[in-house]
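All remarks here apply to the structure that follows.
We name chains A, B, ... by the order of the sequence lines, and we start the count at 1 in each one.
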Number of protein chains: 4
Amino acid sequence: MNEKKQLLLNAALKLFVEKGFHGTSTSEIAKTAGVATGTLFHHFKTKQELINSLYLYTKEQLLIAITIDYQDSEQFKSNLKRLWLNFTHFGIEKSDMYQFIIIFHSSPYITSLTKEQAETRFDDLLTFYRKGIENQEIKTVKDEMMVEFFLGTIFSTVNYFTKHPERLNEKNMNLSFELFWDGISK
Amino acid sequence: MNEKKQLLLNAALKLFVEKGFHGTSTSEIAKTAGVATGTLFHHFKTKQELINSLYLYTKEQLLIAITIDYQDSEQFKSNLKRLWLNFTHFGIEKSDMYQFIIIFHSSPYITSLTKEQAETRFDDLLTFYRKGIENQEIKTVKDEMMVEFFLGTIFSTVNYFTKHPERLNEKNMNLSFELFWDGISK
Amino acid sequence: MNEKKQLLLNAALKLFVEKGFHGTSTSEIAKTAGVATGTLFHHFKTKQELINSLYLYTKEQLLIAITIDYQDSEQFKSNLKRLWLNFTHFGIEKSDMYQFIIIFHSSPYITSLTKEQAETRFDDLLTFYRKGIENQEIKTVKDEMMVEFFLGTIFSTVNYFTKHPERLNEKNMNLSFELFWDGISK
Amino acid sequence: MNEKKQLLLNAALKLFVEKGFHGTSTSEIAKTAGVATGTLFHHFKTKQELINSLYLYTKEQLLIAITIDYQDSEQFKSNLKRLWLNFTHFGIEKSDMYQFIIIFHSSPYITSLTKEQAETRFDDLLTFYRKGIENQEIKTVKDEMMVEFFLGTIFSTVNYFTKHPERLNEKNMNLSFELFWDGISK
DNA sequence: TATGAATGAGTGTTCATTCAT
DNA sequence: GATGAATGAACACTCATTCAT
């Protein structure tokens, strides 16, 4: 990707999270990126196109982060834990991207086409869960409820360790995962 | 409260949730409320004062909703469940207020003074949890993590039933609570 | 005059001089006067009517101040000096009224009708001068130039003693008058 | 200077003199200058910055006008007369700039920093006068009083010839100067 | 007579977007 | 591709004025 385009995406990510879509002006994005205002509109036709690009970009980064070390051979719990931990660490370490996804997931600025493009790549998650349910390791609950619970506990954990970064260690992280696992396991 | 002031709060609540703070113009709020733009500024000195008033108002409504039938005499689990269910029902039924609190909880438009005013009334939650922990019914985990997990599972559940309202019934709601309870209990 | 009406005139005088006509809001005038906004509009149909009333009022006060001890019997110079000193003292002591007259003398907010009403009472000044000229005590210069010179030197003197109030004494005041008198006398 | 910036200064000068600072809207200035409202704020951050720029600009023009043909070699009276006449002609011919300086000299819209910047260049006036006083050609009166008298008689003269332009000729102008000179000379 | 809530046109200023260079 | 001056619609907020009490 063009260097200035990447600078613009980085600046926009930071500012959109901090001040929202309408709270951030294109001139401020350009200034933060260190380019002229006109340059922004060379790379993105409109402000909306910029935020949609950003949405696809951050979702892609999330997908990479959570599937980087996926190993189908493993046990269900290990595999799930790996996924959960990767997601949670992404939330803590790539705070801006994680926040961005949460805030703009259900915002009107992201077109449904963009959401669709981003979502298709996440469908494997459900498939994966279904296997676990069929294997009877976890409770018989609707797929969608499971996904929500999965996300909700990650949300809790990210929030907790963001507010108390000094408590972030393997032991506490495992404790947090156990809250989730004991909730869903039979 | 003055009738027009209440109309303005209602309109602002709906619009801020739908389109964000900067995405909602004061003239739109006034029009939605059915009053003149000047009237908004007669009751609230600035747009910021309006959203701060709204924050205090919604937090107050939440507090009323979750503590309405509190009974100290009950068992820890029943009491916790009652709280969890009240909160979750508030999230589903008073969707706008619930969303508003979530969205603007960590927004820069709400002043720290306002947050402080609102938060003091929620301190009992922690006190309540501490009793349960001391009674050894639930896992030994930091207070703050417990609160986050409590809120995270409510978040999951509200999201789920909002997306699938046809599945909202006592049985499914109990199932959701069990995900939470089995997570935290020893 | 009604007490609240007088309070409003006083407040308006002070504020109009300080911040100008458009720079002063009717609500600020009312607040400074200690009355409700509606009350202002009970006594003055519009803001313009208020400033026109104020113009007539201040001009009247000026006229009273400069003619209070007029004595036709005196010599021309004594009489002129008396007038000049009264005017100058008015400018120093009733600073707000003096400033108001200067600022709004040629402003579009004062209607020509108002100016006419105020001016008719000042016509004696010219008559008075004509006598002096005929008596050959002072230079043969157009009436209107004389009036301007008269006002200009008062303007100088008021400015000077307003900036340096500690220098205000009879000797210095006489020196200032001599600048004027030596200028016009033959 | 940028062409549109100059157009804006010209329009603002005319309108501020005519209708005052608050009486003139930025949109009217832009329209009069023939540019878009946004353009005004592209060149001047605020309306205040515009009027401050204007103040520096008009003072600079005045300084140029009154010192253009200064010749130290001349006699005190000739030199003073030249200065007095230049100033007076500036007042009559550059009426808007002259009026602007008078009106906004003591207005709260001009910051003290701006006044300071403008004033430093006028200090030579006083130095010049001191020489005359030391040479005993004119009365022993405080510097500051002399300056005020100087300005006051210019004020008179400008007013007179502005109201009676048909009387403007060398003879009458010399008569006016004599009023001033006979006032200050021994 | 006095009040102050209500009005809506108008204000200073911002901002996404365009376009000539 | 990159720039930044220029645009004008839209924004938060103000204000003279009205009117029911």
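Listed pair B/Lys4 / E/dG4 fails the phosphate criterion, with no side-chain N or O lying under 4.0 Å from OP1 or OP2.
Residue C/Lys31 contributes atom NZ, which lies 13 Å from atom C1' of E/dG4 at whole-angstrom precision. Atom CZ of C/Phe44 and atom C1' of F/dC15 are 19 Å apart (whole Å). As a whole-Å value, the separation of D/Lys47 NZ from E/dT11 C1' is 8 Å. One can place CD1 of D/Ile51 at 12 Å from P of E/dG12, the figure rounded to the nearest angstrom. For the pair D/Leu40 CG and F/dG8 C1', the interatomic distance rounds to 13 Å; values are reported in whole Å. Atom pair C/Gln6:CD and E/dA2:P shows a separation of 14 Å (rounding to whole Å applied). A straight line from NZ of D/Lys5 to C1' of F/dG4 spans 15 Å, rounded to a whole angstrom. The interatomic distance linking B/Leu50 (CG) with F/dC11 (C1') rounds to 15 Å, in whole Å.
Comparing E/dG4, E/dA16, F/dA6 by their nearest atom to the side chain of C/Ala36 picks out E/dG4.
Considering only heavy atoms from C-beta on, D/Leu9 comes within 4.5 Å of D/Leu50 through its side chain. Between C/Ser107 and C/Phe21, every side-chain heavy-atom pair lies at or beyond the 4.5 Å cut-off.
For A/Lys115, the side-chain contact (heavy atoms from CB on, under 4.5 Å) partners two or more places apart in sequence, or in a different chain, are A/Tyr55, A/Ile110.
Residues in residues 25-41 of chain D take part in these side chain to side chain donor-acceptor pair (under 3.5 Å) pairs, two or more places apart or across chains: D/Lys19-D/Glu28, D/Ser25-D/Ser27. Sorted by first and then second residue, the salt bridge (charged side-chain N to carboxylate O under 4.0 Å, His left out) pairs involving residues 38-55 of chain A (not counting sequence neighbours) form an empty list.
Consecutive pairing runs in DNA chain E reach the stem threshold at E:2-21 with F:2-21, where a stem means at least three Watson-Crick or G-U wobble pairs with distances under 3.5 Å.
For the pair A/Asp96 (side chain) and A/Val17 (backbone), a donor-acceptor distance under 3.5 Å is absent.
Using cut-offs of 30° and 60° on the angle between ring planes, the pair C/Tyr109 and C/Phe104 is tilted.
Considering every non-hydrogen atom in both C/Ile29 and C/Leu15, the closest pair reads CA-CD1, 3.8 Å.
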Enumerate all atom pairs, one protein N or O and one N or O from nucleotides 18-21 of chain E, separated by less than 3.5 Å.
none

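Of the residues in residues 13-29 of chain D, those placing a heavy atom less than 4.0 Å from an atom of DNA chain E are D/Thr24, D/Ser25, D/Thr26, in numerical order.
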